[in-house]
Undergrad: 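Below: one structure in structure tokens.
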There are 2 protein chains.
Amino acid sequence: MATIYQVSELAGVSLATVSRVMNGGTRVSEKTREKVNKAMETLNYRPSSIARSLASNCSNSVGILVSELHGPIYGAMMSGIEKQLRTAGKHVIIAAGHSDAASEKDGIEFLIARNCDALILHVEAVSDEYLIELATTQHKFILINRYIPQIADNCISLNNRRGGYLATKALLENGHRDIAYISGPLWKMDASDRYLGHQEALAEHGIICNDALLSEGNFQEEGGNECMLALLETKIPFSAVVCANDEMAAGAMQAARDKGMAVPNDISVMGFDNVLLAQYMYPKLSTVNYPVQDMGKMAASWILKNIYQANQPDVSHVFEPELVWRDSVISLKR
Amino acid sequence: MATIYQVSELAGVSLATVSRVMNGGTRVSEKTREKVNKAMETLNYRPSSIARSLASNCSNSVGILVSELHGPIYGAMMSGIEKQLRTAGKHVIIAAGHSDAASEKDGIEFLIARNCDALILHVEAVSDEYLIELATTQHKFILINRYIPQIADNCISLNNRRGGYLATKALLENGHRDIAYISGPLWKMDASDRYLGHQEALAEHGIICNDALLSEGNFQEEGGNECMLALLETKIPFSAVVCANDEMAAGAMQAARDKGMAVPNDISVMGFDNVLLAQYMYPKLSTVNYPVQDMGKMAASWILKNIYQANQPDVSHVFEPELVWRDSVISLKR
DNA sequence: TTGTATGCGTTATCAC
DNA sequence: GTGATAACGCATACAA
């Protein structure tokens, strides 16, 4: 590997000059610039990003922590982030937090130890206090899908409550009155917010929310399956079920079918997230769109703007969900 | 941020000694070790991985290039890799190649410029020659899902041909004789290998492969949909279709249904990959398992063993697919 | 516009 | 066992 010193030697200039043409800041005469460029060319010179980081105190790397590296939501999110960041020449270091507090802290420590200039965090288990504390240290980070009032500027979140509201409202407007709800783990903010929206829509239509029609799942297919079975077990009639994410909706649909019910004719199913899977399902799943890829891009923009002083458009901190109407919900109105 | 120098000062030893207790190589007296540890503790000292990299000429980072960061296959792959690597204290830098030669080269360059100690590559568009050439440089890398004889040691691949064979054989053994095939882009090695396996199974059963029953898709749902439509258009009867991946199988199933055919009663559908989606589908998709997460782990093991001299089990370079029987295929035998 | 000198926080090679 | 001291490859004040 050629070093900057060898380049300077070949070009017959000082190493400082080589550094200048690389970074393009101060002015260099056209002649020497060409000499240097040619030298870099023939030596196939590649600057060492490590040495550069050490000298400039900037690693040009941002750490990403997601719950899982697989899973459609995280995939879309990382995709949005990477695209944005790489075109800016920053690199992306990833780690998984597994929705576990210890593991999440561990991941954050890991990323910090790697000298990331900034962090993009999708954490669920770690406490608000921990994050507020983290914000007071020198570490810069932005939170995705989480809102903490004290550090609102560091948050990019979805209006989950509104999403839950939209889902249930759509059902209500199509004549459904008895609506079951399969929730994610209620200790997770997004899960409880979505459920709140559901209750809100119900109230708006003068319907008393029946706790027996709530079942708490785990955001996974298997959980949706089990919850649906439990719901059916209660013998309380319901014509529709809204699920707090699409995976659970898939599980719920299967459970219903296993019990001999047809979707959507016997029971309507509403999802949440609008992951790719939703269109693959049969019937195609009606759901609420969670623009997570855009939110990833936005997080990257925030970093570019606030950490690297790049010229970026203003960032929006809260995104609005939208209803996606497909085939898994039937209208009860004639 | 405290530096090693401040630690040495507080502990009353030289900075060389601090370095020794950190790296634990040579012997240090128990007393000074404790002094140093205490000093590190009170200063909340974190060694700079960057300075360490510069001095040791080892960045402890490995670059991963996949076609897309979203997509179930890549998610599972990255997940396997990250898990393995992080427990070894290595970090993972990711980039996307988008199945495009220029973009893939660009990604590789990017990763190399980032001083990765090694690369894990899932590349499709770049030529064998390029990779062979790359192997002759000082850059260490391992290929996933690609086999190049000249650099076989750098390859971890699936026996795609065998997978295609298994898929079609299962259909054959259940009485199907007229079998259509929806392929991935045939310029991709895995796609053509899978098709080869299909032909092999056909030949073994004395069936002449009808080119009119081959339709070349794009490995995406929409492509599967279009291919199925085209196949139906030919009016050539077939009782089953094997698709080169699960996404296309989803598309094919939808197309069949749109034409009023039931799956599997009117037509059987076989997938390939066994992504999570396959179990979510209705009917649940029969498919061929592609153990990509294990292959990711194996790639990580290879790196740990060959680059970092870690103690790792032997790596297997070619993985075998397995048939997964579910509900999308019907037996024609009574 | 260009060159010199110093520092970034470690590891590693010597001595002691 | 421990301590100086020289790399590592580059950025950057400061001079020229």
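The structure displayed is predicted, hence computed values, not measured ones.
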Undergrad: May I ask you to decide if B:Ser59's main-chain N or O and B:Asp117's side chain share a donor-acceptor pair within less than 3.5 Å?
TA: yes
Undergrad: Just the rounded figure in Å: distance from C1' of D:dA11 to OH of A:Tyr5.
TA: 17 Å
Undergrad: From the list C:dG3, D:dG3, D:dA11, which nucleotide is the closest neighbour of the side chain of A:Val13?
TA: C:dG3
Undergrad: Does NZ or CZ of B:Lys90 come closer than 6.0 Å to the centre of the six-membered ring of B:Tyr308, within 45° of the ring's axis?
TA: yes
Undergrad: Tell me which nucleotide among C:dT11, D:dG1, C:dC8 gets nearest to the side chain of A:Leu54.
TA: C:dC8
Undergrad: Using a 4.0 Å heavy-atom cut-off, does B:Arg46 contact any base of the nucleic acid, only the sugar-phosphate backbone, or nothing at all?
TA: sugar-phosphate
Undergrad: Measure from CG on B:Asn115 to P on D:dC8 and round the result to the nearest Å.
TA: 15 Å
Undergrad: Would you indicate, yes or no, if C:dT11 has its OP1 or OP2 atom less than 4.0 angstrom from a side-chain nitrogen or oxygen of B:Asn57?
TA: no
Undergrad: Quick one: B:Asn23 CG to C:dT13 P, roughly how many Å, whole number?
TA: 13 Å
Undergrad: Considering just the side-chain nitrogens and oxygens of B:Ser29, establish if one lies under 4.0 Å of OP1 or OP2 belonging to D:dT2.
TA: yes
Undergrad: I want to check one thing: is the phosphate of C:dG9, taken as OP1 and OP2, less than 4.0 Å away from some side-chain N or O of B:Arg52?
TA: no
Undergrad: Quickly work out the B:Ile50 CD1 to C:dT11 P distance and round it to whole Å.
TA: 14 Å
Undergrad: Quick check for you: among D:dC10, D:dA4, C:dG9, whose closest atom lies nearest to any side-chain atom of B:Ala16?
TA: D:dA4
Undergrad: Compare the minimum distances between each of D:dG1, C:dT11, C:dT10 and the side chain of B:Tyr45, then state the nucleotide with the smallest one.
TA: C:dT10
Undergrad: Hey, which sits more toward the 5' end of DNA chain C by its nearest nucleotide, A:Thr32 or A:Leu15?
TA: A:Thr32
Undergrad: Closer than 4.0 angstrom, basic N to acidic O: yes or no for B:Arg146 and B:Glu124?
TA: no
Undergrad: Quick one: label A:Ser19 by what it contacts on the DNA or RNA (base, sugar-phosphate, nothing), any heavy atom closer than 4.0 Å.
TA: base
Undergrad: Looking at A:Ser48, I'd like to know whether one of its side-chain N or O atoms comes within less than 4.0 Å of OP1 or OP2 on D:dC8.
TA: no
Undergrad: Looking just at side-chain N and O atoms, do A:Ser79 and B:Glu68 make a donor-acceptor pair shorter than 3.5 Å?
TA: no
Undergrad: Quiz question: by atom type and distance under 3.5 Å, do the side chains of B:Ser157 and B:Asn145 form a donor-acceptor pair?
TA: no
Undergrad: For A:Val18 and B:Ala51, find the nucleotide of DNA chain D closest to each by heavy atoms; which residue's nucleotide sits nearer the 5' end?
TA: B:Ala51
Undergrad: From C-beta outward on B:Ile4, which listed nucleotide comes closest to its side chain: D:dA11, D:dG3, C:dT11?
TA: C:dT11
Undergrad: From the list C:dT2, D:dT2, D:dC10, which nucleotide is the closest neighbour of the side chain of A:Thr17?
TA: C:dT2
Undergrad: Using atom CD of A:Glu9 as one end and atom C1' of C:dT2 as the other, report the distance to the nearest whole Å.
TA: 17 Å
Undergrad: State whether the distance check finds a donor on one side and an acceptor on the other, under 3.5 Å, for side chain A:Arg20 versus base C:dG3.
TA: yes
Undergrad: So, does A:Thr87 use its side chain to make a donor-acceptor pair with the main chain of A:Gln84 at under 3.5 Å?
TA: yes
Undergrad: To the side chain of B:Ser14, which of D:dG9, D:dG3, C:dT10 is closest?
TA: D:dG3
